[in-house]
Protein chains: 2
Amino acid sequence: MAGQETTKNRILDAAELLFAERGFKDTSLRAITTAAGANLAAVNYHYGDKKGLIRAVLSRYLEQFMPTFKKELVTLHQRDEFDMNDVFLCTKRPLLRLNSFKNNGTTIFMSLIGRGYTDVQGHLRWFITTHYDDVIQLFVGAVRRAYPCLDPETLFWRLHFTLGASVFTMASSTALCEIAVNDFTTQIQTEDLINRLVPYLAAGVTAPIALNQGLVVSNTV
Amino acid sequence: MAGQETTKNRILDAAELLFAERGFKDTSLRAITTAAGANLAAVNYHYGDKKGLIRAVLSRYLEQFMPTFKKELVTLHQRDEFDMNDVFLCTKRPLLRLNSFKNNGTTIFMSLIGRGYTDVQGHLRWFITTHYDDVIQLFVGAVRRAYPCLDPETLFWRLHFTLGASVFTMASSTALCEIAVNDFTTQIQTEDLINRLVPYLAAGVTAPIALNQGLVVSNTV
DNA sequence: GTCTATATTAAGATAGAC
DNA sequence: GTCTATCTTAATATAGAC
């Protein structure tokens, strides 16, 4: 079904690699079809246009990731109490599972998410909030339960910072980890990266609430 | 000297706004020259090519930011002791000073840095490390002094996470803060954003060192 | 320094034969 | 479904008059 070596699938496979490496805008349909050993016209035939191909690449990964991520979150919510590390650790298993779905799957997925947020403005964001809003709500709810004293505005910003740290790391992880390439090492590195990222994010989100530490430049009273 | 209303400067002013908004790749020379009220050929005449223009835009801001940032770091290093918040607060005054250099200067600079790291791969990174390596070293040194027990690898990754959270927030700050537009409110928001970001980053960098929390999938012993 | 006109390149997309 | 050939558009860049 999903893994057939059809032209349509070869294009998808080639596209996700190139998109992850160079970004969506910087990857031409010619580069994709050449890498896939397909004809230039094939993309338009099978996916309508480039946007359709991007959507297909993103959704294939999201359909792998989101359901298992949701399961983790549901399980977490069943516990009486948990901390912020537990919340972020919910991403771990779903992320690593992508490596069995596809070679280097975790890294590719991470890069794609990063690209999707920086390259195409709002495209991915819209996709996720319309299709997977329930998962987002579960996640935000878990963060709130783990640290209830966060006011909504601080929560909003800190989740945004978190997204930034994750997405940026993800998008450039290939460039950074250009050391080892074979599968086993990649597996180790991916898990290691998550293990490093989780405590950082958890500590950031649970930081003491900022005081009003404005620079007093000219205080008249 | 620097603020003359020459065509060359009008192009620079128009370019930095458009680059910050849409990114480097998505901003055509036509859009820039039109906004600047200049002829299309003027960019090539004054800056050689588009890369030259991008460099000029970036370096004009970096020349404003880096020297004052360096001063703050030197002053910090003179103290007997300081914590991680103090380290990150060194960015605050230099960043806000950009608002007197130019309207909305802080936000524009932040966006440009964000764009520079995501759009053009390595371009900005090279620029900073070759021209301002001393400042980077001072900064990393301050982080080390504030939290000496960090091993080099953990330090490396956490600074990278920090860069990601900052850069991503910066690049999308305009999109997020599309609420208020007038200068006074912008000033407030910029400072507020820094005040929110600093404790998050400081807490992340000083998080407890990650234990080896690997997923035991199939442990044979 | 500034303009018009144009060269060059590259990309997305489609028509129509097979 | 796949291919060749081609259309269309848009971008960077330059030549050469003024």
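Computed from a predicted model, the values in this text were never measured in an experiment. Order of the sequence lines fixes the chain letters, A, B, ..., with proteins taken first and strands second; residue numbering starts at 1 for each chain.
Within the structure, salt bridge (Lys or Arg N to Asp or Glu O under 4.0 Å) pairs that include any residue of residues 95-108 of chain A comprise D13(A)-K102(A), E16(A)-K102(A) (at least two apart or interchain). Residue pairs meeting the ring pair (Phe, Tyr, Trp, His ring centres under 6.0 Å) criterion with at least one partner in residues 39-65 of chain A, sequence neighbours excluded, are Y61(A)-F101(A), Y61(A)-F109(A), F65(A)-F69(A), F65(A)-F109(A). For residues 4-23 of chain A, the ring pair (Phe, Tyr, Trp, His ring centres under 6.0 Å) pairs, not counting sequence neighbours, are F19(A)-F24(A).
Nucleotide dG1(C) holds its C1' atom 12 Å from the NZ atom of K8(B), rounded to whole Å. Between R22(B) atom CZ and dA11(D) atom P there is a gap of 10 Å when expressed in whole angstrom units. H46(A) has its NE2 atom 12 Å from the C1' atom of dC3(D), to the nearest Å. As rounded to whole Å, 14 Å separates atom P of dA10(C) from atom CG of D26(A). Between the C1' atom of dG1(C) and the OH atom of Y47(B) lies a distance of 14 Å, rounded to the nearest Å.
Here the side chain of R196(A) pairs no donor or acceptor atom with the backbone of E191(A) at under 3.5 angstrom.
Taking L155(B) as the reference, V140(B), V143(B), R144(B), L150(B), L159(B) meet the side chain to side chain contact (heavy atoms under 4.5 Å, CB included) condition, with sequence neighbours excluded. For K25(B), the salt bridge (charged side-chain N to carboxylate O under 4.0 Å, His left out) criterion is met by D26(A), not counting sequence neighbours.
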Under 3.5 Å, which protein N or O atoms sit close to an N or O of nucleotides 12-14 of chain C? Give each pair with its distance.
unit_1  : atom_1 : unit_2 : atom_2 : d
dG12(C) : OP1    : K50(A) : NZ     : 2.8
dG12(C) : OP2    : L29(A) : N      : 2.8
dG12(C) : N7     : R30(A) : NH1    : 3.0
dG12(C) : O6     : R30(A) : NH2    : 3.0
dA13(C) : OP2    : K50(A) : N      : 3.1

